[in-house]
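The first residue of the sequence shown is numbered 1, and numbering continues consecutively from there.
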Amino acid sequence: MGSRPPLLNTTSKRALCSALLAIPTAILAFLISDKAEIPDWLRYALSPGWTFGFHSTKPQLCGGIFDCIGELTREISQAAEIALTVNVVIYGLLIFGVMTTISALKAKRPDTM
């Protein structure tokens, strides 16, 4: 006959969908939080990784203007990577929880048809 492709159970499908949805959601939250016009409370609510990322990097002393520019670029890049990673994890867990709750509520609802 031939081998059948492996099937995913509903939890695996939910985890895959939540991971795929978490990445653009985290990027969008990071881009919104990057605007200077956004108030701090909204910035921290939309992008919890923002606080963690930018407070986890420590500024270094630099010898000259070019050293400062290079060091600042590395610090901002590292902080952005941390912020995006934390946002992806948090939004992934949030989306997975919402999807699990919705599917559990659908399963509990009796069919009236």
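Among residue pairs with one or both ends in residues 14-42, those qualifying as ring-ring contact (aromatic ring centres under 6.0 Å, His included) are Phe30-Trp50; sequence neighbours excluded. Every pair passing side chain to side chain donor-acceptor pair (under 3.5 Å) that includes a residue from residues 87-99 is listed here, sequence neighbours excluded: Ser47-Asn87. Among pairs with a residue in residues 15-33, none fulfils side chain to side chain donor-acceptor pair (under 3.5 Å), at least two apart in sequence or across chains.
Within the model, atoms OG1 of Thr51 and CD1 of Ile82 stand 12.5 Å from one another, a figure rounded to the nearest 0.5 Å. Taking CG of Leu94 as the reference point, atom CG of Leu21 lies at 11.5 Å (rounded to 0.5 Å).
Remark: Leu93 engages Val89 in a side chain to side chain contact (heavy atoms under 4.5 Å, CB included) (not counting sequence neighbours). The side chain to side chain contact (heavy atoms under 4.5 Å, CB included) test applied to Leu42 returns Ile38, Pro39, Leu46, not counting sequence neighbours. Remark: Ile90 engages Pro48, Val86 in a side chain to side chain contact (heavy atoms under 4.5 Å, CB included) (not counting sequence neighbours). Residues satisfying the side chain to side chain contact (heavy atoms under 4.5 Å, CB included) criterion with Thr85, sequence neighbours excluded, are absent altogether. Residues satisfying the ring-ring contact (aromatic ring centres under 6.0 Å, His included) criterion with Phe96, sequence neighbours excluded, are absent altogether. Scanning for salt bridge (charged side-chain N to carboxylate O under 4.0 Å, His left out) contacts around Arg43 gives Asp40, with sequence neighbours left out.
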Could you tabulate the donor-acceptor pairs under 3.5 Å formed by side-chain atoms of residues 5-13, not counting sequence neighbours?
unit_1 : atom_1 : unit_2 : atom_2 : d
Asn9   : OD1    : Ser12  : N      : 2.9
Asn9   : OD1    : Ser12  : OG     : 2.6

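The cluster map of Ile, Leu, Val, Met, Phe, Trp and Tyr, joined by side-chain heavy atoms under 4.5 Å apart, puts Tyr44 and Leu84 in the same cluster.
Considering all non-hydrogen atoms of both residues, Gly53 and Ala79 come closest at O-CB, 3.4 Å.
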